[in-house]
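See structure below.
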Number of protein chains: 2
Amino acid sequence: MARKRITLKDVAKSAGVSLASASYAINKTGSLSEDTRAHVLKVAEELGYRQNLAARAARTGRTGAIGFVVPDMTNPFFPSLAQSIVQRARQNGYSVFVTDTEGDQAQEEEVIRQLVDRGVDGIVWFPIKDENSIESIAGDLPIIVIDRTVNGFECIQADYAQGGQLAANYLLASGHDRIGVIAGPMDVRSMRERCGAAIEAINRASALAYSVENAFSTELSGDVASAIESRAATAVFCGSDLIAVGVMGHARKLGIAIPDELAVVGFDDIPWAEYCTPALTTIELPVDEMASEAVDALLRKLDGENESNRRVVFGVCLIERESAPPRK
Amino acid sequence: MARKRITLKDVAKSAGVSLASASYAINKTGSLSEDTRAHVLKVAEELGYRQNLAARAARTGRTGAIGFVVPDMTNPFFPSLAQSIVQRARQNGYSVFVTDTEGDQAQEEEVIRQLVDRGVDGIVWFPIKDENSIESIAGDLPIIVIDRTVNGFECIQADYAQGGQLAANYLLASGHDRIGVIAGPMDVRSMRERCGAAIEAINRASALAYSVENAFSTELSGDVASAIESRAATAVFCGSDLIAVGVMGHARKLGIAIPDELAVVGFDDIPWAEYCTPALTTIELPVDEMASEAVDALLRKLDGENESNRRVVFGVCLIERESAPPRK
DNA sequence: TCCCTTTCCCTAAACGTTTCATTTTGATTC
DNA sequence: GAATCAAAATGAAACGTTTAGGGAAAGGGA
């Protein structure tokens with residue numbers, strides 16, 4: 001059953017050429033006549049030859065694998081991000097090691113170190129925190145940062161500030177004049193940007209009812225809960241959809257009608273936003289594009305292009321659903 | 001900046017021993033005195049030596065990597081499954097290539113072939129279909145099947161029939177005597193099992209109102225929509241949570257109150273089930289345990305244990321939430 | 001005829017490991 | 001002091017590739 005693996009040597013012998021020629025033929029490198037190339041390829045095909053990528057990696061120092069490091073796979077961002085990254089990488093002949101760091105920075109370091117050991121050619125990294133220094137472990141390995149901001153690396157992001165503005169302006173235009181902001185953790189930069197922009201816009205209209213902070217979770221802190229109970233706002237902008245879901249749940253428990261008594265706008269457009277009751281109005285990020293760009297940027301870097309410290313920002317848009325209808 | 005990578009040769013030289021001894025020391029194999037072993041390890045540490053796993057793989061034929069093949073990453077199953085698999089693998093020194101086949105069997109073959117080329121030591125496979133034959137491409141590579149049933153491989157599953165029964169009995173015990181079943185695609189075995197068991201139990205109580213089929217999706221087919229509109233049932237069991245969400249949405253649109261006029265039970269306990277409105281009563285599968293067992297089984301196989309064609313079945317349980325309260 | 005290019009192919013070294021087979025070491029026994 | 005033996009250490013081959021450098025054959029110009 002387990003017949004021996006066909007090696008390049010077998011192909012070469014069977015085709016009556018040298019090992020080198022066989023290699024050139026397979027890799028379409030070197031100078032070979034069309035005839036021999038075709039002949040070798042045909043023989044390889046017949047024999048069912050498959051490259052041994054481990055050996056190749058040993059020789060070339062390039063594994064054709066990249067790493068994807070993510071703080072938490074259950075982050076609703078993750079699936080579509082991962083899907084796009086894996087697909088895009090595969091189209092270019094790369095495979096992807098996916099690793100979860102459980103939101104723990106020690107594990108994050110460890111994971112990256114392991115990837116380096118494995119000899120990945122590069123990493124797409126969704127860091128836990130914005131500030132970070134992993135040069136010591138990653139050396140000069142090409143790394144692309146996604147969603148967060150880390151100095152010294154190319155960063156792929158969405159225009160969070162634009163998102164906050166969009167949401168705020170939308171609520172203002174709908175006639176709300178008492179608007180609350182329920183932010184996520186303000187130590188992550190993208191959160192500061194989205195909520196900062198929202199608060200600024202709302203403030204300019206003198207419509208800010210309150211501004212509180214919550215974890216990236218549907219569980220609400222006491223502050224947030226009492227802000228809602230106060231009914232000081234007729235609309236809220238939430239720093240993430242998860243929070244928005246929590247807010248809607250709590251409001252329902254209090255008998256506050258959504259959207260009539262409280263309009264809710266989220267951020268991220270996670271897959272379930274569409275299926276909440278009421279369906280969540282939210283800011284959509286072009287996750288697929290971001291993922292593809294991350295891979296593309298990484299591959300470019302692998303090909304030696306040096307455009308370090310670039311920061312690519314993708315535009316976002318507002319998805320109107322039921323939790324915050326267009327006109328009040 | 002990019003100082004040369006430290007190789008085992010450097011360590012050996014610096015420690016004043018042969019390459020072989022260095023290797024033995026690092027791998028804790030061979031016969032070495034405790035003294036030299038410790039000394040080599042110390043030197044390696046000082047120099048910051050890191051094994052080149054690609055080279056090692058070339059020599060040993062084992063890469064320390066496994067593949068995880070999944071039909072669709074946006075399947076709500078996926079994140080927790082992936083998380084557990086990746087974690088468990090990492091604890092045992094393995095890294096995981098994650099790949100999405102986009103529900104396409106041609107791609108599935110292609111993906112598996114690529115993994116084989118990469119020299120993965122084994123694969124955890126969530127197949128698209130139950131019947132399947134990939135021996136030709138996978139050869140004698142250790143493979144564990146998860147969730148589906150494929151002959152010739154060890155399969156890790158949940159007790160779907162038990163789940164169907166639980167749901168049916170729960171609804172019957174709650175006093176329902178006209179119960180509908182909205183199945184998912186019946187060409188997947190686990191769906192046949194869960195719905196078959198449910199229908200049987202309901203039939204025994206002569207309470208079956210209707211039984212229709214839908215895709216794995218929140219979009220409802222015409223059949224399903226009209227079944228709901230007919231109001232022939234006071235409760236439905238849905239073959240998957242996604243379908244249940246779709247049903248609840250449609251019912252709401254028709255003004256059918258949930259759970260009062262229509263109780264709904266789902267299957268899978270996807271992450272959002274808890275946050276639906278009303279929160280979805282559903283069957284929970286022990287996803288983490290299944291994932292861990294899959295990895296463990298694979299690792300056992302890699303260690304030469306031969307318990308092929310085993311079928312491991314995990315028990316499930318019913319989670320009571322609001323969409324189908326305990327007593328009517 | 002001689003020499004120079006070009007085209008094609010080959011030999012052999014290298015990548016960083018592991019591991020087999022062998023040699024060295026040093027203690028123990030006669 | 002020689003012989004024996006296990007333990008410890010080593011030399012070198014192997015894994016399946018890639019690739020630099022060289023050389024033979026073929027063609028062309030003088």
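Keep in mind the model is a prediction, meaning the values are calculated, not measured. Residue numbers begin at 1 in each chain, while the letters A, B, ... track the order of the sequences.
Contacts of Tyr160(A) classified as ring-ring contact (aromatic ring centres under 6.0 Å, His included), with partners at least two apart in sequence or in another chain: none. Residues forming a ring-ring contact (aromatic ring centres under 6.0 Å, His included) with Phe97(A) (at least two apart in sequence, or on another chain): Phe97(B).
Under 3.5 Å, the side chains of Gln107(B) and Arg90(A) contain a donor-acceptor pair of N or O atoms. Judged by distance alone, the side chains of Thr149(A) and Gln157(A) do bring a donor and an acceptor atom under 3.5 Å apart.
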Considering only distance and modelled atom types, tabulate donor-acceptor pairs under 3.5 Å from the side chains of residues 38-53 of chain B, sequence neighbours left out.
| from | atom 1 | to | atom 2 | distance (Å) |
| --- | --- | --- | --- | --- |
| Arg50(B) | NH1 | Asp117(A) | OD1 | 3.2 |
| Arg50(B) | NH1 | Asp117(A) | OD2 | 2.7 |
| Gln51(B) | NE2 | Asn27(B) | OD1 | 3.2 |
| Asn52(B) | OD1 | Ala54(B) | N | 2.9 |
| Asn52(B) | OD1 | Ala55(B) | N | 3.0 |

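Note: Trp125(A) and Phe153(A) have perpendicular aromatic rings, judged against thresholds of 30 and 60 degrees for the angle between ring planes. Note: Phe77(A) and Phe126(A) have perpendicular aromatic rings, judged against thresholds of 30 and 60 degrees for the angle between ring planes.
On the nucleic acid side, DNA chain D contacts chain B at distances under 4.0 Å to non-hydrogen atoms, with the end points of that region at dA8(D) to dC15(D).
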Task: Per-nucleotide protein contact string for nucleotides 19-26 of chain C, where B marks a base within reach and S marks sugar-phosphate only (heavy atoms under 4.0 Å, - for neither) - done: BB------
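Remark: C1' of dT18(C) and CG of Leu32(B) are 13 Å apart, rounded to the nearest angstrom. Atom NZ in Lys13(A) sits roughly 20 Å away from atom P in dC9(C) (whole-Å rounding).
Contact check on Arg300(B) versus Glu293(B) returns a salt bridge, with a Lys/Arg side-chain nitrogen under 4.0 Å from an Asp/Glu carboxylate oxygen. Lys301(B) has a carboxylate O that lies under 4.0 Å from a charged side-chain N of Glu154(B), or vice versa, which qualifies the two as a salt bridge.
Residues from residues 33-57 of chain B placing a heavy atom under 4.0 Å of any atom in DNA chain C, listed by number, are Tyr49(B), Arg50(B), Gln51(B), Asn52(B), Ala55(B), Arg56(B).
Put simply, OG1 on Thr74(B) and CD on Gln83(A) are 5.0 Å apart, with the number rounded to the nearest 0.5 Å.
Mapping Val17(B) and Lys9(A) onto DNA chain D via the closest heavy atom, the residue that lands nearer the 5' end is Val17(B).
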